[in-house]
Protein chains: 2
Amino acid sequence: METLRESLSEKSSSVEAQGNVVRALKASRAAKPEIDAAIELLNKLKLEKSAVEKQLQASIGNGSHNREAFRQNVVNTLERRLFYIPSFKIYGGVAGLFDYGPPGCAVKSNVLSFWRQHFILEENMLEVDCPCVTPEIVLKASGHVDKFTDLMVKDEKKGTCYRADHLLKDYCNEKLEKDLTISAEKAAELKDVLAVMEDFSTEQLGAKIKEYGITAPDTKNPLSDPYPFNLMFQTSIGPSGSSPGYMRPETAQGIFVNFKDLYYYNGRKLPFAAAQIGQAFRNEISPRQGLLRVREFTLAEIEHFVDPENKSHPKFSEVAKLEFLMFPREEQMSGQSAKKFCLGEAVAKGTVNNETLGYFIGRVYLFLVRLGIDKERLRFRQHLANEMAHYAADCWDAEIESSYGWIECVGIADRSAFDLCAHSEKSGVPLVAEEKLAEPKEVEILVITPVKKELGLAFKGNQKNVVESLEAMNEEEAMQMKATMESKGEVEFYVCTLEKNVSIKKNMVSISKKKKKENQRVFTPSVIEPSFGIGRIIYCLYEHCFGTRPSKAGYEQLNVFRFPPLVAPIKCTVFPLVQNQQFEEAAKVISKELASVGISHKIDITGTSIGKRYARTDELGVPLAITVDSDTSVTIRERDSKDQVRVSLKEAASVVSSVTEGKMTWQDVWASFPHHSSAAVDE
Amino acid sequence: METLRESLSEKSSSVEAQGNVVRALKASRAAKPEIDAAIELLNKLKLEKSAVEKQLQASIGNGSHNREAFRQNVVNTLERRLFYIPSFKIYGGVAGLFDYGPPGCAVKSNVLSFWRQHFILEENMLEVDCPCVTPEIVLKASGHVDKFTDLMVKDEKKGTCYRADHLLKDYCNEKLEKDLTISAEKAAELKDVLAVMEDFSTEQLGAKIKEYGITAPDTKNPLSDPYPFNLMFQTSIGPSGSSPGYMRPETAQGIFVNFKDLYYYNGRKLPFAAAQIGQAFRNEISPRQGLLRVREFTLAEIEHFVDPENKSHPKFSEVAKLEFLMFPREEQMSGQSAKKFCLGEAVAKGTVNNETLGYFIGRVYLFLVRLGIDKERLRFRQHLANEMAHYAADCWDAEIESSYGWIECVGIADRSAFDLCAHSEKSGVPLVAEEKLAEPKEVEILVITPVKKELGLAFKGNQKNVVESLEAMNEEEAMQMKATMESKGEVEFYVCTLEKNVSIKKNMVSISKKKKKENQRVFTPSVIEPSFGIGRIIYCLYEHCFGTRPSKAGYEQLNVFRFPPLVAPIKCTVFPLVQNQQFEEAAKVISKELASVGISHKIDITGTSIGKRYARTDELGVPLAITVDSDTSVTIRERDSKDQVRVSLKEAASVVSSVTEGKMTWQDVWASFPHHSSAAVDE
């Protein structure tokens with residue numbers, strides 16, 4: 001470790017020396033290529049310095065901390081600095097509900113602003129904002145009323161509720177970890193249960209719980225059989241009690257039901273995307289995993305509507321060259337791990353189903369990395385066949401590695417026409433798109449004409465059921481019936497509403513094909529849905545940006561959130577070096593300028609030592625700190641390098657805003673202003 | 001009208017001529033004062049031109065339209081252009097629920113961004129973000145469970161529910177308007193009922209409904225007696241059914257319960273403000289007034305915590321000179337109307353209770369006016385004594401005049417210590433602030449010491465109740481008891497938990513006062529609460545920005561939303577003059593530049609005439625339109641003046657961003673670039 005420390009000190013000197021060279025060249029008005037070369041060298045030296053710093057830190061952190069300790073450190077810091085607060089804490093809190101405190105709220109607001117810029121603005125999406133309160137019929141159509149459930153078991157004496165799969169999982173894990181007496185055979189069985197339990201039916205799950213004699217964890221009382229519990233918060237709309245409603249479990253349905261209006265708004269052109277940011281709700285049975293599984297959360301969802309016959313994307317070339325960790329179905333099934341793929345190749349080979357899906361995978365990647373997610377701990381995992389809904393064409397999850405393991409943070413699914421069809425059917429309003437054909441197309445349509453008189457004579461009261469079944473035949477069935485009738489004179493026909501076969505004679509139905517000219521093609525668009533769990537992304541970001549480093553004296557480890565300026569909750573702190581009216585006035589002037597250009601900042605006029613104040617802002621992830629130590633100039637200190645430059649009072653706000661808005665890098669600043677030594681400072 | 005038209009044409013020529021003068025001066029590198037003077041004259045001419053335009057428009061609009069027709073026109077335009085959409089429309093909609101469609105969503109997002117800039121950032125407030133789902137105990141403490149109700153009556157046969165006061169109001173209004181046979185006496189009575197019905201008790205309201213024989217409006221069936229209906233959406237947290245919860249009716253409670261943490265975060269300093277933007281819910285009995293009374297809405301609330309003994313505000317001088325319409329209690333009671341007051345004077349005279357309240361009134365005024373609310377249709381109305389809660393020190397509503405009359409859009413209330421006390425009491429967690437005293441203060445404290453032995457002998461099993469009642473006495477009660485015991489030896493004492501009087505003898509309790517030195521003052525802060533109904537502000541803004549103007553040919557009236565660039569949903573449209581690959585490519589280049597600097601815009605490449613495309617964007621309130629008519633330069637057209645300038649292709653995006661971000665006015669642009677005649681265009 002000492003070698004690393006020496007190396008770091010050496011690198012720091014080189015950086016400082018080269019910074020002086022750059023400034024001298026600038027002052028002498030040297031030719032541009034010379035200055036550029038000097039700056040390039042400077043940046044290279046800075047990179048080397050930072051690499052050594054990282055190694056040093058890793059060598060300090062490694063080994064002594066495990067995942068849980070790391071998480072505890074992150075979570076403690078987050079809670080102490082009010083990034084989040086357990087909701088209604090003074091009343092004992094409510095499981096699965098968390099507030100964002102001031103810095104957390106600012107991070108969230110920055111993430112959402114960037115989401116709007118990156119997706120809505122740059123892709124010209126149509127943003128909508130629909131209510132959370134949703135009438136039952138909408139969620140009946142979407143399937144949530146019937147299927148949005150988890151299996152629950154109850155303590156038969158106390159009534160306490162548990163998630164059935166959690167109990168089984170805990171049982172298996174505990175046996176495997178702690179019971180050294182179990183046979184290899186038994187261990188294999190438990191592992192197998194863990195692997196396949198997601199696909200268990202209610203009965204299978206119940207049977208396993210019985211077989212293993214699992215009881216209520218708190219009381220050891222017997223448990224009920226598992227039964228489905230709907231995860232939506234239920235309520236009632238209006239005073240009569242006759243209109244059940246739910247708090248929406250996702251924002252997507254609000255977009256689907258508006259498809260027709262949005263399609264018209266877009267000039268009846270496909271493809272287009274609509275987007276929504278908003279609260280969603282999930283009445284978890286027993287929330288675990290802290291900030292990752294909560295009962296109310298912010299979703300940001302995109303529904304990109306596209307012609308199912310043409311899923312190419314005009315801007316795909318812009319992301320085709322990206323390379324990142326992907327984990328296709330095949331690699332998962334054959335026990336390999338995620339590896340780097342070129343997105344363009346993954347689409348070309350058909351690993352990713354289509355260009356539009358690929359385009360969004362690429363855009364999601366760029367979004368997450370620009371936020372500050374570590375690209376080495378980000379992968380795109382394809383859903384296995386049994387994970388996907390029957391209607392889905394392909395699904396990929398952006399998974400981020402955290403102390404809880406790989407966490408699904410964004411789902412990117414090609415849901416085909418499922419949602420629009422479901423709402424069309426339930427509402428009776430066609431949710432379709434039209435395409436004018438260049439020239440009319442001749443199409444053959446099937447005509448089934450039941451002869452009601454004959455059917456009436458033969459089936460009496462059942463006539464209606466038979467007629468409906470005949471009319472519902474698809475082309476293949478109908479043409480087969482026609483053939484059989486022509487050869488044999490009659491045919492056995494299953495009427496599902498009667499649950500039996502009937503005999504249809506040749507004279508009871510006429511089946512034919514007609515030719516017709518059509519000028520337009522009417523079709524239900526496919527929808528490609530990237531869906532972002534904003535809270536999960538933010539939590540993973542906290543873990544990826546968190547680090548510790550020794551205090552200057554080396555006595556303690558100080559926490560630092562290395563947020564990129566884009567997401568940092570506060571962009572800059574301003575503090576007078578000592579408590580003194582002149583410096584405080586100067587600090588206020590800078591503060592006013594920062595506010596007027598929209599830079600969030602914090603003045604700290606406490607008498608605490610400057611080093612402690614730096615440590616405080618590092619722990620909030622503030623990228624820049626202005627220290628007022630004169631009434632004409634100030635120092636600006638960068639959080640990660642701890643480097644400081646001196647700038648005039650007047651320039652301070654504009655330098656900060658240039659860096660935090662990405663118009664300038666800290667390297668540029670470092671190369672342009674005199675360096676300030678922090679020797680006097682007790683960092 | 002012809003005179004006005006002539007005058008307009010004359011003014012337009014002067015503006016154009018003066019614009020040429022300014023450009024010529026600039027080109028000749030004339031001295032700055034000369035150019036400035038020429039620009040000043042130009043701006044004066046422009047103002048005159050715009051005044052004539054306004055008169056012209058008023059003379060067209062007046063008389064022929066009444067309020068309802070105007071509203072219908074606004075609402076039709078809003079719905080046609082998807083500013084809003086009745087929620088779940090394909091399923092028949094739900095009363096009181098509306099979606100924001102793409103332009104509405106953008107307006108909302110702009111209003112909220114500006115709110116964050118104007119309040120949170122410029123005032124360094126602590127923003128928090130709490131869940132909508134709220135456990136019962138929190139809303140029990142706040143009083144919502146018991147008191148957040150409206151009186152409801154039911155159709156006794158059909159079960160349909162109505163708001164009792166609405167039915168009575170409708171009855172009185174209809175009688176007064178349509179029944180010409182009623183006596184002057186009866187009319188006076190009905191008017192009186194309308195004036196005082198807000199203060200009616202349940203019984204009074206029921207008696208009036210009976211007296212007037214009011215029946216269910218839809219069926220004429222008899223009605224039930226009125227009874228309170230709680231307006232919160234109720235739900236259940238978790239699976240057990242044993243934790244009732246509600247969707248929050250306001251965002252404020254989330255802040256109050258976090259007071260302690262926020263106070264520590266702020267370094268235990270007062271004053272400070274916390275703020276929250278979020279959804280709130282109100283299960284209206286029968287929503288009316290379209291977009292103004294809805295069941296789910298966005299609130300933006302500030303809770304400013306302040307020492308009740310010092311409600312001065314350090315920045316009050318910044319707003320003290322503002323003058324605007326105020327409507328103090330006194331003016332309302334004496335039948336006068338709102339008039340202009342200077343805010344500083346209103347506070348100095350005590351019309352407004354304190355500086356902090358006054359400061360927020362001033363900031364709210366600036367916020368609304370900068371959004372585009374017409375200051376002549378904005379007033380601050382003080383609550384009458386009977387409108388205010390008993391604990392409130394003073395309340396003012398920012399009311400905006402719309403076609404529905406004066407609408408409360410922002411409430412600014414000094415709620416004293418009510419909310420923090422309520423949650424302290426219910427939760428048992430003290431929500432207080434401390435002030436270190438410069439020197440210790442001697443205080444007298446009351447000491448009540450029940451003598452348990454004597455009490456036990458006298459009251460046996462009831463001893464505990466008696467002890468608790470004795471200890472709960474306030475100072476006045478205790479000192480009175482002491483006096484009576486000393487004079488008479490015993491005293492009758494009511495024990496509320498026993499619901500009877502008991503006799504307390506001198507030897508059963510000792511009551512005294514002790515002197516104590518205190519180093520700090522512990523107190524419950526007062527809270528000043530500005531609470532913004534974002535949806536209402538936006539609706540009023542729509543009405544204030546909406547206008548019509550004749551098409552160029554004069555055949556029809558075209559709609560225009562004159563949004564300031566700050567709130568305009570789309571800042572700029574880009575269209576190629578004709579469909580042509582070269583122009584389309586240029587349009588795409590501009591679009592990309594606009595997106596990269598965060599300017600929301602829309603490309604319109606339809607073959608429609610340029611005039612129709614201008615009309616389309618006017619109706620969306622787009623302030624600037626770029627028309628690509630060459631591959632080196634483009635024209636930029638301003639919505640309100642319809643003036644056009646020519647700028648190079650490269651400058652287009654930066655000119656648009658300067659204007660929409662307020663760095664340049666259109667006057668500056670007009671003075672700096674060559675004018676483009678729109679003669680060729682069919683506007």
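Numbers restart at 1 for each chain; the letters A, B, ... are given by sequence-line order, proteins then strands.
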Among [options], which residue has the highest count of heavy-atom pairs closer than 4.5 Å to chain B?
options                                : result
A/Lys426, A/Lys260, A/Lys592           : A/Lys426
A/Ala275, A/Ser240, A/Gly241, A/Pro103 : A/Pro103
A/Pro239, A/Cys105, A/Gly254, A/Cys130 : A/Pro239
A/Ala106, A/Gly101, A/Cys132, A/Ser87  : A/Cys132
A/Leu262, A/Val429, A/Thr235, A/Leu594 : A/Thr235
A/Val128, A/Asp129, A/Ile120           : A/Asp129

### Message
For B/Lys315, is the NZ atom crowded, meaning more than 12 foreign heavy atoms sit under 6.0 Å from it?
### Response
yes
### Query
Around atom CD1 of A/Ile534, are there more than 12 heavy atoms of other residues, nucleotides or ligands at under 6.0 Å?
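Buried by this count: over 12 neighbours within 6.0 Å.
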Just so I understand: if I count every heavy-atom pair under 4.5 Å between each of [options] and chain A, which residue has the most?
options                                : answer
B/Ser591, B/Gly278, B/Ser109, B/Ser424 : B/Ser109
B/Gln253, B/Arg295, B/Gln279, B/Glu284 : B/Arg295
B/Phe259, B/Tyr100, B/Tyr91            : B/Tyr91
B/Ile277, B/Asn230, B/Ile285, B/Leu231 : B/Ile285
B/Gln234, B/Met152, B/Met125, B/His601 : B/Gln234
B/Leu431, B/Asn124, B/Ile237           : B/Ile237

### Message
Rounded at 0.5 Å granularity, tell me how far CZ in A/Arg116 sits from OG in B/Ser113.
### Response
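The OG atom of B/Ser113 is 7.5 Å from CZ of A/Arg116, to the nearest 0.5 Å.
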### Query
NE2 of B/His423 to CZ of A/Phe88: how many Å apart, nearest 0.5 Å?
9.5 Å
### Query
So which part of A/Ile255 gets closer than 4.5 Å to some heavy atom of chain B, the side chain, the backbone, both or neither?
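For A/Ile255, neither part sits under 4.5 Å from chain B.
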### Toward chain B, the part of A/Pro287 with a non-hydrogen atom under 4.5 Å
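Neither the backbone nor the side chain of A/Pro287 comes within 4.5 Å of chain B.
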### Query
Between B/Ser600 and A/Leu121, what is the shortest heavy-atom contact and its length?
CA-CD1, 3.4 Å
### Query
For the residue pair A/Leu97 and B/Val133, what are the closest heavy atoms and their distance?
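It is CD1-O, 3.7 Å.
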### Task
Look only at the side chain of B/Asn283 and the backbone of A/Ser236, and say whether a donor-acceptor pair between them is shorter than 3.5 Å.
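Answer holds: yes.
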### Message
Looking at B/Ala595, is its backbone amide N or carbonyl O close enough to the side chain of A/Gln117 to form a donor-acceptor pair, meaning the two atoms are under 3.5 Å apart?
### Response
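Such a contact is found between A/Gln117 side chain and B/Ala595 backbone.
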Interface moiety of [X] toward chain A, non-hydrogen atoms closer than 4.5 Å:
X        : result
B/Leu112 : neither
B/Phe98  : backbone
B/Asp604 : neither
B/Arg80  : neither
B/Phe229 : side chain
B/Met247 : side chain
B/Thr134 : both
B/Ile85  : side chain
B/Val94  : side chain

### Query
Is it the case that A/Lys602 places NZ or CZ above or below the six-membered ring of B/Tyr265, under 6.0 angstrom from the centre and within 45 degrees of the axis?
yes
### Task
Report the residues that fulfil side-chain contact (heavy atoms from CB on, under 4.5 Å) with A/Ala422, sequence neighbours left out, ordered by chain and then residue number.
none
### Message
Using the salt bridge (charged side-chain N to carboxylate O under 4.0 Å, His left out) criterion, which residues pair with A/Glu296? Sequence neighbours excluded.
### Response
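None.
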### Message
A side-chain contact here means heavy atoms from C-beta on lying under 4.5 Å apart; do A/Asp261 and B/Leu82 qualify?
### Response
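Touching, per the 4.5 Å side-chain cut-off.
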